[in-house]
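Each remark here refers to the structure printed beneath this line.
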Amino acid sequence: MRPAVFRRILVLGAGLLPALPAAAQEEGGCALLCTPDLKIEPTVTLENLGRRARIEVDGAVERTPRETVFEVIFAVGVPTEIPRIGFTFEAIVAPFGGTSRHPFTGADAGDLGREEIRDNPVEIESELNVDLFGEEATGGWLSSHFDIVDKFSPGEVPGAGSTYTHKLNFEWDTALHPFSRLPEGRWLRNFELEVSIDYLATGVPKAGDVVGGERYLDDASPWSVSFVSVFPLAPLDP
């Protein structure tokens, strides 16, 4: 599926969101799209998994480092009446990210009297979720879903025509529900611990690309893994 086609599907779904409250009141059900929920998800992501690319910097060849990134995700989940299908819309920020050069003004951190410049751009993800199995299949302990994601984040390739670019991402998420045995109505019952394996299919540097003075000798690794704590915000008892 081309990213542009997938974006049109997600935009269509987003355009139907205003109808959700009324739909949810129709005999306690919903018409196609159901009442959304809001979650906050502190996340630790390990990037550059698998085979790390070789890069050339000032004539020296080295491997791209594996990086650990802390992120905070605000996620709006939209269930649907279609079995196993849902949507998720996420805003992602890395509050402690840093860089030596300002990405917009080009100023160096040293010239500004700083050790580093805070680098925390907001990323947006729009997801089509396909449930693989739910809690009912595992006695309430586990659930898993596969996601097709339109990722809107800072451009990372030399040919990027804008500061932010759309990328096609695939995710496989598996969640542990450690408090699922608590009585209905308990907020902690909906807490989850999740592992997400990501494959970024487009928008990553390829062999021969020069990015930030680094020349890639191999394709950059598209793989990452995230460890997520999921806290429901609204409704508190979804």
Side-chain angles (χ1 to χ4, degrees), residues 6 9-10 13-14 16-17 19-47 49 68-93 123-151 169-200 223-238:
F6 182 58
I9 296 174
L10 293 170
L16 295 174
L17 287 178
L20 290 176
Q25 295 174 5
E26 296 178 0
E27 300 180 358
C30 48
L32 184 59
L33 301 181
C34 303
T35 304
D37 59 67
L38 175 63
K39 300 175 181 178
I40 184 171
E41 305 176 355
T43 301
V44 175
T45 299
L46 306 180
E47 299 180 342
L49 296 184
T68 302
V69 180
F70 175 74
E71 300 172 314
V72 177
I73 302 172
F74 293 90
V76 176
V78 184
T80 77
E81 284 288 277
I82 304 173
R84 297 183 178 271
I85 299 298
F87 295 98
T88 302
F89 303 90
E90 297 182 348
I92 306 167
V93 63
E123 301 180 3
I124 302 295
E125 290 190 355
S126 303
E127 304 179 0
L128 174 65
N129 313 127
V130 181
D131 290 340
L132 301 178
F133 58 84
E135 300 168 66
E136 67 281 355
T138 60
W141 291 108
L142 295 174
S143 62
S144 185
H145 56 91
F146 177 77
D147 306 330
I148 303 173
V149 184
D150 175 57
K151 184 181 183 71
N169 188 37
F170 299 104
E171 295 180 358
W172 177 28
D173 300 339
T174 300
L176 170 68
H177 306 265
F179 305 111
S180 62
R181 300 301 178 91
L182 290 176
E184 292 282 351
R186 296 289 184 89
W187 172 80
L188 194 58
R189 188 176 190 272
N190 303 296
F191 172 78
E192 301 175 15
L193 293 171
E194 185 176 278
V195 176
S196 175
I197 299 174
D198 289 56
Y199 179 84
L200 191 56
W223 294 98
S224 64
V225 62
S226 298
F227 302 93
V228 188
S229 301
V230 180
F231 296 90
L233 294 181
L236 292 179
D237 182 29

>> Under the side-chain contact (heavy atoms from CB on, under 4.5 Å) test against Glu41, which residue among Val228, Ile92, Val72 passes?
In response: Val228
> Is a side-chain N or O of Arg189 found less than 3.5 angstrom from the main chain of Leu182, in a donor-acceptor match?
Replying inline: yes
> In terms of side-chain heavy atoms, does Asp173 have a donor or acceptor partner in Ser196 at a distance below 3.5 Å?
Replying inline: yes
> Taking all atoms of both residues into account, what is the closest heavy-atom pair of Gly140 and Ser180, and its distance?
Replying inline: O-OG, 2.8 Å
> Between Trp187 and Phe231, how do the two ring planes meet: parallel, tilted or perpendicular, split at 30° and 60°?
Replying inline: parallel
>> Please give me the minimum heavy-atom distance between Ile85 and Leu128, naming the atom from each residue.
In response: CG2-CD1, 3.8 Å
> What closest approach, in Å, do Cys34 and Glu81 show between heavy atoms, and which atom pair accounts for it?
Replying inline: SG-OE2, 3.8 Å
>> Run the side chain to side chain contact (heavy atoms under 4.5 Å, CB included) test on Asp198 and Phe170 for me, step by step, so that the C-alpha distance in whole Å, both residues' side-chain angles and the decisive distance to 0.1 Å come before the verdict.
In response: CA-CA 6 Å; Asp198 289 56; Phe170 299 104; over 6 Å; no
>> Is there a side chain to side chain contact (heavy atoms under 4.5 Å, CB included) between Leu142 and Leu176? Walk through the geometry before answering.
In response: CA-CA 5 Å; Leu142 295 174; Leu176 170 68; 4.0 Å; yes
> For the residue pair Leu132 and Phe146, what are the closest heavy atoms and their distance?
Replying inline: CG-N, 4.0 Å
> Say you draw a straight line from CG of Asp147 to CH2 of Trp172; how long is it, rounded to the nearest 0.5 Å?
Replying inline: 12.5 Å
> Partners of Glu71 by salt bridge (charged side-chain N to carboxylate O under 4.0 Å, His left out), sequence neighbours excluded?
Replying inline: none
> What residue among His177, Glu135, Glu194 forms side-chain hydrogen bond (donor to acceptor under 3.5 Å, both in side chains) with Ser143?
Replying inline: His177
